[in-house]
Asker: 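Got a structure for you, written out below as structure tokens; questions coming shortly.
A, B, ... follow the sequence lines: proteins, then strands. Residue 1 opens every chain.
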Amino acid sequence: MTRLQFRLVSAGALLLLALAPALLSPFSITLLNFIGIYALAVLGLVLLSGIGGMLSFGQAAFVGIAAYATAWLTVKAGYSPWIGLVVGVVLTGLVAAILGAVTLRLGGHFLSLSTIAWGLATYFLFGNLPMLGQYNGISEIPPISIGGYALSSSNSIYYLIWAFLIVSLVLAANLLDSREGRAVRALRGGQVMTESLGINPFRVKLITFVIAALLSALSGWLYAHMSRFVSPAPFDVTVGILYLLMAMVGGMAYLSGAIVGAAIVTLLKNSIQDWLPVIAPGASGQLEIIVFSVLFILLLQRARSGVVPFALRWLPRVQPTPPLAAGSLEHRQQPERGQPILTVAGATRRFGGLVAVDNVSFELIAGEILGLIGPNGAGKTTMFNLITGALPLHDGKISFLGRDISRRAQRQIARAGIARTFQHVKLRKTMTLLDTVLLGTYGRTRSGFFAGVLRLDRAEEARAQAEAMRQLQRVGLADRAFELAGNLPLGNQRLLEIARALAADPALLMLDEPAAGLRAAEKAELARLLEALRAEGLSILLVEHDMDFVMGLVDRTVVMDFGAKLCEGTPAIVRRDPRVQEAYLGGVA
Amino acid sequence: MNGEIAAILAMDGIASGAIYVLIGLGLVLIFAVTRVIFVPFGDIAAFTALSLASLETGGRPGTVGLVAVLAILATAVEATALVRNRALHRLPRALLFYLVLPLVPAAAVWFAAGTTLSMPLRIVLSLALVLPIAPLLDRIVFRPIADASVLLLLTVAVALHFALSGLGLMFFGPEGVRTKPLTDTVFDVAGLIVNGQTLLILAASIAFCGLLFLYFEFTIQGKALRATAVNRIGARLVGIRPTSTGTIAYLLASLLAGISGVLIAPVTTIFYDSGFLLGLKAFVGAIIGAMVSYPVTALGAVMVGLLESYTSFWLSAYKEVLVFGLLIPVLLWRSLSFSGTEEEEAEE
Amino acid sequence: MALLSIDQVTVAYDKVEAVRGVSLAIEPGQIVTVIGPNGAGKTTLLGAAIGLLPWRGRMSFDGIDLRRLDVEARIERGFCLVPETRELFGDLSVSDNLLLGGYSRRRDSAGLKQSLTDVYGRFPRLSERRDQKASTLSGGERQMLALGRALMVKPRLLMLDEPSLGLAPIIVREVFRIIASLRELGVSILLVEQNARAALETADFGYVLETGEIVHSGAASALMHDPRVTASYLGGHHDAGLEARGPKRMSGPGGPRSEEGELR
């Protein structure tokens, strides 16, 4: 399907939506209104949980805060609903920012548990505050009016709800296709990966959390003025679970899953309410809960990915357009050859009773490939993590380009010009090769969330894309730019990681066992690439277990054994050292 | 507030804290061994209380029906798995464990309905009735996805809670119950009137914490449970089946929850859905203990009890808001004090 | 009949096949070693054999189809693994770790007591540290504890993944002495090692695994003198291994030296 065809289909769908009130019964429109309102909240949940990996049970609380804010302002204080919208959105955003700041540093399940806790606390607060009408709620909320026309019928508010939803959907899609959006999509790759790309995962999480809350706030505002009545029940944790069910049914990883899921669950709920009283008169209330919970559990056990990815398999794909070469990002001035670029002095790291790295010192000279070798378990990877800041040092000092980086956060070290790859490849399998490499440009580009959402970032984005394509070309993967990273064989995944690292325009490239698991031809290819990079003035630190690979490539090598540095020098010197023979080749004989 | 009221509130707070301690320890135990954050755990306590009340009035507790339904479901799930794996020779064993054993107490209660039973017998019967529920739920709901992430298991647990509260209403009805006090003795400690019931709660809580400690320290099963919690792969490599240790953990924890249900039933009115809040307050304690530390969890649970007791004096309407709100500063403290270690764990 | 027979086994993670069509066999009382570079699939092969990873093909232990046994049932039959990561119970004491090693024999308390005495006799160091938590042990002590814990199973076949990993040479020597002595107890051993020389000197038979496939196999003494193996793994008797450049391990029919130029 071409882009034009996609636009035509979208326009057709919009036209159908616009004509719906003329074609459908008022009851169906009411259902569509509910679907739209739910879908807005679920859209936030998809961004937060499905894409960002932060599972929240408390989304309904944010819907409630905005709904109560506008209800109180319009009923008790007599303001216009539009003031209610502004206050509701601002208040929800503030509460989310505070809650997020407190809880988002927590590991996965603690965050989710905390969402249950504040979800419940909010519910009880609504139910007990006399100014909010306690459990009776607030009634007689005025309708929204636009230019003197009150949207009091379900047919009239329908347009407002769906306009909000569609605009939000487009903006969210814009976000995901931008610099910060890629960072959101990378969050699930884990802290070490995101930080190594210069991303501050906490900041990205917090903003995503607030965006999700704001979408809920829109939903709450529309809900309050559509049903003209608020009470605590629709904002309970039970409803938070219902939102999660919708997201899961639709497809947690897809924005469109929000609408699909909201529609399926709402329609299902409606039909269950029709037939349950027939088969079990008198007990339909709790049966409905049981049916939904069981459905949810079955879904989680058997079909976690939802309807949208299933449907996408049968639908034609929109053809991607390869980016045009459009300028380039600024390049770093590489330090002069022969200068020390990285200095490790007395680095020490312990794990419990083990000293993994014991007082190790060495220097890396600009423009050289330095090997760091040693038997398995010698502490090479720990040394690697100490330099990149993935682990804090217990003792010693590491400086890079003349600056002390021993106490720096990982992302600051990354931004200072150290790019790395991983021994066990860390890629987001569902991102395309192009997006993966674009992630590497994060530290060199500036566009924020706002620019991304409003498409103000296109000029910079085009330059970044051109840069990413260049790096893909360099490692020989340019013709597969739109394939998914997870579909590549291991050798190509390693090359992709190198391309991602190069896209950050580093002064020092650090490779952790890049040859492990590669075939002969792939190793040769990798060696050629590294030699070409050295010729361009890049400095490389190579941690490797494969002696043949290292010795043919490096200028100098440092040998580690049992956590300590054994010796260092050119391959010729190291090769002759009897201690190396003993440690590396096993002098058991 | 004068000193006497403060002391009475403290006494109340410690008593309800002691209840949360039992439930909180069970939650930590289940989580450590199975990685499941068993949200419906409070329901186990509530169902015990409801069963006890029903036995007291000579009725037939709804638990009988609930256990029967779960046992049939679990047997069906197990049988399907056995057929699929062509391991039919294990079918008799499966029938024994998933159908016969869970139904023994249920059958006993069924036939005893109408006769008056002594209080200890009633307590033992209601505990025995409730014990199979969590292991059966484990078989039906969690074991098919045992390798899933903690987050997914948590989501399933939350959904399971709602299914259980629906089932609770079906089997127990909407009425609240309160059982006869276990003791009527009243003590006078330095001019302060202390209920025998309160002391009983404290004593039982301390005794069961002690027993749990002894079990973990001195029996090979207890050590196997700890080993599973510390390192599942390591446990499997010495032949410890995580599914078996999981079942033991569920049983033990259910026993703790059941005891707490028996203890709380004479003090508070219990409804079919009272378990949720009970469990979640114990959770606040468990989270204070970071879901790993038993002593800190116990301390946290007592703190929750005290907080609840004092706030109900001053701001009774906001009791729940404050208890759950308390989590936020606790989490802040946790996130500040643990941010360093978490990274290390990810690296190890 | 072979004690362990692996026949055309393939192990895949997602779409990547880490082990492809591997066949090998271990006779009772034999020490067999699998050597090869990092990432060749050695650990994966052991993980599949013990039942922690899904696999395709045929495997049997003592004549029983391994599809019918889960990990724990394998342990009960005396088939066990000391993994590269050791997987000790860090929060538990040394003596509890050993005690739990005998979990599959927990009903035989007299036999367990005897095994425990044996293990402490074999590793006096563990006896000294019996009340210490496993997480406080040094690398060598951890390896001894892992070995000791496996011996508590009363194994018939022991699979050892990189037992020399991260150990000082003097301890490596000790570990290999112990491995050799296990044979006298009638324990068969499958040894995966990067320390190829030590492994081949201890073993009866060896296999070389590269990028998921067996490329050489033979009696350990023959492999020791096979030029294709010595060049890549043994460093020769001078310093051939360190001098060697280019990806010789992947030596195809074209011969190792032909690829050298490409790497330079």
Side-chain angles (χ1 to χ4, degrees), chain B residues 28-29 31-33 78 81-90 93-94 143 146-147 213-248 289-296 341 344-345 347-348, chain C residues 46-47 49-54 65 67-93 95-109 112 133-135 142 145-146 148-155 158-161:
Chain B
V28 174
L29 174 62
F31 176 67
V33 177
E78 176 74 11
L82 290 179
V83 168
R84 196 170 294 159
N85 297 333
R86 299 198 189 113
L88 279 176
H89 57 281
R90 293 198 344 233
R93 209 178 122 90
R143 220 176 287 165
D147 294 326
F213 174 78
L214 293 178
Y215 176 74
F216 281 148
E217 281 301 312
F218 295 106
T219 69
I220 186 148
Q221 269 315 338
K223 284 173 185 173
L225 248 61
R226 281 168 68 202
T228 318
V230 173
N231 187 338
R232 293 171 77 78
I233 300 277
R236 297 198 70 184
L237 288 176
V238 297
I240 299 171
R241 276 197 172 72
T243 50
S244 321
T245 42
T247 304
I248 296 173
M291 300 294 296
V292 288
S293 163
Y294 294 96
V296 181
T341 49
E344 272 180 43
E345 278 164 23
E347 272 308 303
E348 288 282 81
Chain C
L46 297 192
I50 202 68
L52 289 172
L53 296 173
D65 183 356
R67 266 182 212 299
R68 296 178 59 92
L69 303 180
D70 58 7
V71 180
E72 296 82 0
R74 286 174 165 103
I75 308 294
E76 277 161 21
R77 284 171 176 74
F79 176 24
C80 50
L81 167 70
V82 176
E84 188 183 351
T85 41
R86 311 300 179 239
E87 307 293 350
L88 299 172
F89 307 122
D91 268 1
L92 272 62
S93 67
S95 63
D96 281 349
N97 267 274
L98 291 175
L99 187 72
L100 286 167
Y103 183 83
S104 56
R105 302 160 56 206
R106 60 192 176 282
R107 292 196 179 80
D108 171 21
S109 58
L112 270 186
K133 275 189 184 181
S135 59
R142 283 180 199 201
L145 181 55
R149 193 179 70 177
L151 289 179
M152 292 294 293
V153 176
K154 223 174 181 180
L158 193 54
M159 299 196 291
L160 303 173
D161 195 357

Asker: In chain order, what residues pass the salt bridge (Lys or Arg N to Asp or Glu O under 4.0 Å) check against B:Arg241, with sequence neighbours excluded?
Answerer: C:Asp70, C:Glu76
Asker: Please state whether the side chain, the backbone, both or neither of C:Ala150 comes within less than 4.5 Å of a heavy atom of chain B.
Answerer: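 The answer is neither part of C:Ala150.
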Asker: Count the heavy-atom pairs under 4.5 Å between each of B:Ile240, B:Val230, B:Ile233 and chain C, then report the option with the highest count.
Answerer: B:Ile240
Asker: Inspect the surroundings of NZ in B:Lys223 and state if more than 12 heavy atoms from other residues, nucleotides or ligands are less than 6.0 Å away.
Answerer: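 Yes.
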Asker: Which residues in residues 213-222 of chain B have any heavy atom lying under 4.5 Å from a heavy atom of chain C?
Answerer: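 Only B:Ile220, B:Gln221 of residues 213-222 of chain B have a heavy atom under 4.5 Å from chain C.
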Asker: Go through the atoms of C:Leu99 and report whether side chain, backbone, both or neither lie under 4.5 Å from a heavy atom of chain B.
Answerer: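 Contact with chain B involves both backbone and side-chain atoms of C:Leu99.
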Asker: Could you check whether any side-chain N or O of B:Asn231 sits under 3.5 Å from a backbone N or O of C:Phe89, counting only pairs where one atom can act as donor and the other as acceptor?
Answerer: no
Asker: Does B:Arg90 CZ have over 12 foreign heavy atoms under 6.0 Å away?
Answerer: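 Not buried by this count: 12 neighbours or fewer within 6.0 Å.
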Asker: Tell me every residue that passes side chain to side chain contact (heavy atoms under 4.5 Å, CB included) with C:Leu112, counting only those two or more places apart in sequence or in another chain.
Answerer: C:Arg105, C:Met152
Asker: Contact part of C:Leu81 toward chain B, heavy-atom cut-off under 4.5 Å: side chain, backbone, both or neither?
Answerer: both
Asker: Do you know which of C:Asn97, C:Val153, C:Asp96 has the most heavy-atom pairs with chain B at a distance under 4.5 angstrom?
Answerer: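 Maximum pair count with chain B is reached by C:Asp96.
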Asker: How would you list, by chain and number, every residue that makes a salt bridge (Lys or Arg N to Asp or Glu O under 4.0 Å) with B:Arg236, sequence neighbours excluded?
Answerer: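 So B:Arg236 forms a salt bridge (Lys or Arg N to Asp or Glu O under 4.0 Å) with C:Glu72.
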Asker: If you take all heavy atoms of C:Tyr103 and B:Ala224, which pair is closest and at what distance?
Answerer: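 Closest pair (atom of C:Tyr103, atom of B:Ala224, distance): CE1-CB, 3.5 Å.
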Asker: Which pair of non-hydrogen atoms, one from B:Arg226 and one from C:Asp91, has the smallest distance, and what is that distance?
Answerer: NH2-O, 4.1 Å
Asker: Distance from B:His89 atom NE2 to C:Arg68 atom CZ, nearest 0.5 Å?
Answerer: 5.5 Å
Asker: Rounded to the nearest 0.5 Å, what separation is found between the CG atom of C:Leu100 and the OG1 atom of B:Thr228?
Answerer: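 If we round to the nearest 0.5 Å, C:Leu100:CG and B:Thr228:OG1 are 8.5 Å apart.
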Asker: What part of B:Ala229 is in contact with chain C, defined as an atom under 4.5 angstrom from a non-hydrogen atom: side chain, backbone, both or neither?
Answerer: neither
Asker: Closest heavy-atom contact between B:Val238 and C:Gly101?
Answerer: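 Minimum heavy-atom separation between B:Val238 and C:Gly101: CG1-CA, 3.8 Å.
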